[in-house]
Novice: 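One structure follows; several queries about it will come next.
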Amino acid sequence: MDKKHIEKEETKTPMNFIEQIVNEDLNTGKHQSIITRFPPEPNGFLHIGHTKAICINFGITERFGGKTNLRFDDTNPEKESTEYVNAIIRDMKWLGFDWGGQELYASDYFGTLYKYAIQLIKDGLAYVDDSSSEEMAEQKGNLTQAGSNSPYRERSVEENLDLFKRMKTGEFENGSKVLRAKIDMSHPNLLMRDPVIYRVKKAHHHRTGDEWNIYPMYDFAHGQSDSIENITHSLCSLEFENHRPLYNWFIEKLGIYPSRQIEFSRMNVTYMITSKRRLLKLVAEGVVSGWDDPRMPTVSGLRRKGYSPKSIRTFCDKAGVSKREQTVDIGLLEECLRQDLNKTTNRIMAVLKPLKVIITNYPEGQVEQMDIVNNPEEENPTYRKIPFSKELFIEQSDFMEEAPNRKYRRLAPGKIVRLKSGYIIECEDYIKDEATGEIKEVHCKYFENSRSGSDTSGLKPKGTLGWVSAAHAVKAEARLYDRLFNDPTPTQHKDRDFMEFINPNSLEILPEILVEPSVVDLKAGDQVQFMRIGYFCVDEDSTPEKLVFNRAVTLKDTWAKVQRNSK
RNA sequence: AGCUUAGUCGUCUAAAGGCAAGGAUGCUGGAUUUUGGCUCCGGCGGUAUAGGUUCGAGUCCUAUCUAAGCUGCCA
């Protein structure tokens with residue numbers, strides 16, 4: 001291939017192998033514009049694995065122009081429902097994708113698909129088979145042995161036509177007859193051994209109601225739907241590689257628009273599982289509170305936990321596209337969230353595990369309003385006020401009776417620290433419950449001339465702490481989420497069940513944290529950074545009396561790492 | 001065992017036969033810091049194995065090894 005053909009696209013961003021194919025098809029004039037599709041079956045909720053397929057399909061047309069259809073692959077009425085359709089639409093809109101407003105359905109094409117089947121029968125390429133599923137399995141052969149022909153394989157076109165029409169009108173019971181493509185029972189690819197393309201299924205369909213007694217199989221619906229929609233590139237996961245010869249066989253025999261199927265590897269993420277069956281078990285057994293539990297890998301779970309659409313899309317982009325098995329480090333997902341939220345969230349003063357600090361030389365009853373920056377990453381930073389007073393709370397972990405080493409920058413007797421956007425204080429004394437060892441109270445003096453923004457003290461404290469004013473702080477609940485599993489690949493162990501790897505500490509509830517008073521204006525879904533702690537999202541369980549904050553991800557914690565490594 | 005596909009830093013990914021195999025994340029050292037965050041600078045770390053083609057191979061060929069998918073009237 002001549003190298004200059006690549007250059008149509010301006011950007012230097014490297015292309016993945018699918019984008020390279022698309023780019024070439026555009027440059028060679030094979031296609032004038034691109035149409036892709038995302039084809040979920042409405043029988044479950046979207047999860048992190050689906051977002052990759054979504055991002056690839058929509059990403060292609062965002063980059064090269066064209067459009068991406070949202071098409072529901074609803075050919076199995078027993079498993080599908082409008083509830084899932086609506087949930088999928090909601091999640092995809094939240095992720096920020098646009099499919100032109102109108103959802104498409106494979107069920108819209110049932111009439112056309114039926115005609116295609118008739119066409120195959122007339123061309124002698126399909127036949128009605130009365131064999132039971134057991135008999136068909138028998139005929140199928142196995143991985144190393146060729147199959148054998150069904151005794152019904154040589155029925156006449158007329159008989160097949162008659163039988164198939166009667167299947168449609170409901171004359172035959174479920175399982176009694178199927179329509180099979182007549183291909184080759186000794187084909188090395190098992191899917192080519194006369195696959196079933198229509199089955200009798202007297203079931204109520206969420207869109208077509210009771211109109212149909214027969215429904216097409218995936219292989220006789222998906223590719224044809226692609227053709228009907230003039231999909232140029234039909235992108236799917238590796239498991240459909242074996243289906244491609246069949247996909248192309250139908251295109252050829254039916255003489256329909258030749259969409260091209262290209263497969264890529266599914267995305268796995270460490271410490272997450274995406275099997276529908278297993279996720280259902282977590283819900284059913286109450287391991288999590290529901291499909292939108294913040295520990296779930298579902299889009300709704302990620303959303304509730306505090307993930308932004310942008311962070312999820314960035315994650316999929318960074319994970320990349322290839323045909324290799326892919327297990328992406330969950331750390332990358334978390335880092336994408338931090339990078340997004342770092343730019344967008346206000347810094348809020350919060351104390352998770354409070355320790356009382358009394359400023360001994362601060363006037364009783366005095367309250368000062370301190371200026372604090374909302375988000376230092378903003379181009380033009382804005383400020384708000386927070387109250388400072390004689391009695392404060394700091395984080396328990398910010399005080400030690402004795403500094404452990406020279407690197408320690410927090411509070412300890414005789415040490416000074418800066419209270420963020422407040423004053424510099426020096427620890428003079430503390431009260432300890434000798435029985436329990438618990439520190440009850442810390443006594444400090446403040447330097448009156450060290451007020452943030454007008455500091456003339458000349459003091460250079462090493463550390464800066466978060467704090468809240470005792471009299472003004474708002475009580476709230478914090479839900480600290482951690483990974484649901486304590487093994488990176490809980491389903492990859494040959495002789496151990498994934499349930500054995502559930503992390504018993506995946507949720508720690510702190511019923512009474514203290515937060516600066518400005519948070520009373522927050523609403524469910526709002527995201528903030530608790531300074532020096534992490535990114536939090538207001539949960540829908542919040543009430544006017546008590547906000548509930550979900551921890552989406554912690555801040556990076558170099559100090560924790562230093563401590564871990566020194567052990 | 002047959003068919004299909006894939007093996008590049010720990011992980012993800014780039015290199016279309018041609019520069020010292022690049023980037024991200026991770027780990028690590030440092031600078032800066034009123035967040036032990038952010039930012040900035042440095043370091044660590046890779047072509048599964050064995051042959052072959054070629055002036056030149058991660059890339060092409062052969063064999064081997066390893067991994068995944070395929071024997072639903074699921075998608």
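Being a predicted model, the structure only gives us computed values, none of them experimental.
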Novice: Report the distance from atom CG of Leu238(A) to atom P of rG69(B), rounded to the nearest whole Å.
Specialist: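 Going from Leu238(A) (CG) to rG69(B) (P), I get 10 Å.
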Novice: Work out how far the C1' atom of rC60(B) is from that of rG18(B), and round it to whole angstrom.
Specialist: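 The same atom, C1', in both gives a distance of 15 Å.
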Novice: How does protein reach along nucleotides 34-44 of chain B, written 5' to 3' as B (base within reach of a heavy atom under 4.0 Å), S (only sugar-phosphate), or - (no contact)?
Specialist: BBBBS------
Novice: Does Glu24(A) come within less than 4.0 Å of Lys30(A), counting only side-chain N to carboxylate O?
Specialist: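 Not counted as a salt bridge, because no side-chain N and carboxylate O are separated by less than 4.0 Å.
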Novice: Looking only at side-chain N and O atoms, does Thr144(A) come under 4.0 Å of OP1 or OP2 in rC3(B)?
Specialist: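 Answer is no, no contact under 4.0 Å.
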Novice: Just compare rC12(B), rC27(B), rA16(B) and give me whichever is closest to any side-chain atom of Thr327(A).
Specialist: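 It is rC12(B).
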Novice: With a 6.0 Å cut-off (strictly less than), is the heavy-atom count around CD of Glu135(A), excluding the residue itself, greater than 12?
Specialist: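 More than 12 within 6.0 Å, yes.
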Novice: Hey, which of these two, Asn242(A) or Val200(A), hits RNA chain B nearer its 5' end, going by closest nucleotide?
Specialist: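 Looking at the nearest nucleotide for each, Asn242(A) comes out on the 5' side.
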Novice: When all nucleic acid strands are considered with a 4.0 Å heavy-atom cut-off, which category describes Leu332(A): base, sugar-phosphate, or nothing?
Specialist: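 Sugar-phosphate: the residue Leu332(A), judged by heavy atoms under 4.0 Å, touches backbone atoms but no base.
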Novice: Would you say Lys460(A) reaches rU33(B)'s phosphate, i.e. side-chain N/O to OP1/OP2 under 4.0 Å?
Specialist: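 For Lys460(A), the contact criterion (side-chain N or O under 4.0 Å from OP1 or OP2 of rU33(B)) is not met.
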Novice: Are the charged groups of Glu395(A) and Arg532(A) less than 4.0 angstrom apart, N to O?
Specialist: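 Looking at Glu395(A) and Arg532(A), the cut-off is not met.
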Novice: Round to a whole Å and report the spacing from NE2 of His243(A) to P of rA68(B).
Specialist: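 Roughly 18 Å, once rounded to whole Å.
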Novice: Working to the nearest 0.5 angstrom, can you tell me the gap between Arg266(A) CZ and Lys52(A) NZ?
Specialist: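 Answer rounded to 0.5 Å: 10.0 Å.
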Novice: Using modelled atom types only, decide if a donor and an acceptor are shared between the side chain of Gln527(A) and the backbone of Gly306(A) within a distance under 3.5 Å.
Specialist: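 Answer holds: yes.
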Novice: Hey, is NZ on Lys407(A) packed in by over 12 heavy atoms from elsewhere, all under 6.0 Å?
Specialist: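 For Lys407(A), atom NZ is not crowded (no more than 12 foreign heavy atoms under 6.0 Å).
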Novice: Distance between the P atoms of rU49(B) and rU66(B), in whole angstroms?
Specialist: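 Between the two P atoms, the distance is 15 Å.
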Novice: Could you tell me how far rC9(B) sits from rG45(B) if I compare only their P atoms? Round to whole Å.
Specialist: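 14 Å, rounded to whole Å.
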Novice: Counting runs of three or more consecutive pairs, Watson-Crick or G-U wobble, with each distance below 3.5 Å, where are the stems of RNA chain B?
Specialist: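 Ordered by first number, the stems with RNA chain B (at least 3 consecutive pairs each) read B:2-7 with B:65-70, B:10-13 with B:22-25, B:26-31 with B:39-44, B:48-52 with B:60-64.
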Novice: Pick the closest RNA chain B nucleotide for Gly141(A) and for Asp219(A) by heavy atoms, then say which residue is nearer the 5' end.
Specialist: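 Looking at the nearest nucleotide for each, Gly141(A) comes out on the 5' side.
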Novice: Name the orientation class of the two ring planes belonging to Tyr247(A) and His222(A) (parallel below 30°, tilted from 30 to 60°, perpendicular beyond 60°).
Specialist: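 Geometry flag for His222(A) against Tyr247(A): tilted rings.
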Novice: Between Arg155(A) and Asp129(A), is the closest basic N to carboxylate O distance under 4.0 Å?
Specialist: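 Looking at Asp129(A) and Arg155(A), the cut-off is not met.
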Novice: If I pick the P atom on rA1(B) and the same atom on rU59(B), what distance separates them, to the nearest angstrom?
Specialist: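 Straight-line distance between the two P atoms is 27 Å.
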Novice: Please classify the glycosidic conformation of rG72(B) as syn (within 90° of 0) or anti (everything else).
Specialist: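 Syn for rG72(B); the angle stays within 90° of 0.
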Novice: Would you mind reading off the distance between Glu41(A) atom CD and rG72(B) atom C1', rounded to a whole angstrom?
Specialist: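 From Glu41(A) CD to rG72(B) C1': 13 Å.
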Novice: Can you tell me which residue among Thr382(A), Asn375(A), Asn380(A) is in a side chain to side chain donor-acceptor pair (under 3.5 Å) with Glu378(A)?
Specialist: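 Only one option passes, and that is Thr382(A).
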Novice: Would you measure the distance from the C1' atom in rA75(B) across to the matching atom in rU62(B) and give it in whole Å?
Specialist: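 About 38 Å, rounded to a whole number of Å.
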Novice: In whole angstrom, give me the gap between the P atoms of rU5(B) and rU28(B).
Specialist: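 Straight-line distance between the two P atoms is 42 Å.
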Novice: Would you please classify the geometry between the Tyr446(A) ring and the Tyr423(A) ring as parallel, tilted or perpendicular, with 30° and 60° separating the classes?
Specialist: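 Perpendicular: the ring planes of Tyr423(A) and Tyr446(A) meet at over 60°.
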Novice: Looking only at side-chain atoms of Asn16(A), point me to the closest of rA14(B), rA75(B), rG2(B).
Specialist: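 Of the options given, the side chain of Asn16(A) lies nearest rA14(B).
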Novice: Between atom CZ in Phe264(A) and atom P in rU4(B), what is the gap in whole Å?
Specialist: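 Going from CZ in Phe264(A) over to P in rU4(B) covers 22 Å.
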Novice: Check the distance between rA75(B)'s P and Glu78(A)'s CD and give it to me in whole angstrom.
Specialist: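 Distance, rounded to whole Å: 10 Å.
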Novice: Under 4.0 Å, heavy atoms only, any strand: does Thr554(A) hit a base, just the sugar-phosphate, or nothing?
Specialist: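 Nothing, no nucleic acid heavy atom in range.
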Novice: Using atom NE2 of His187(A) as one end and atom P of rC70(B) as the other, report the distance to the nearest whole Å.
Specialist: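 After rounding, the gap between these two atoms is 18 Å.
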Novice: Salt bridge or not between Glu19(A) and Arg63(A)? Use side-chain N to carboxylate O under 4.0 Å.
Specialist: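 Looking at Arg63(A) together with Glu19(A), the answer is yes, because their closest N to O distance falls below 4.0 Å.
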Novice: Heavy atoms from C-beta onward define the side chain here; which of rA14(B), rC73(B), rG69(B) lies closest to that of Glu239(A)?
Specialist: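 Nucleotide nearest to Glu239(A)'s side chain: rG69(B).
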Novice: Between rU53(B) and rA15(B), how many Å separate the two P atoms, rounded to a whole number?
Specialist: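 One P to the other, the span is 28 Å.
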Novice: Compare the minimum distances between each of rU71(B), rA6(B), rA75(B) and the side chain of Glu80(A), then state the nucleotide with the smallest one.
Specialist: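 For the Glu80(A) side chain, the nearest candidate turns out to be rA75(B).
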Novice: Could you tell me the separation between the CD1 atom of Ile183(A) and the C1' atom of rU71(B), rounded to a whole number of Å?
Specialist: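 For the pair Ile183(A) CD1 and rU71(B) C1', the rounded distance is 16 Å.
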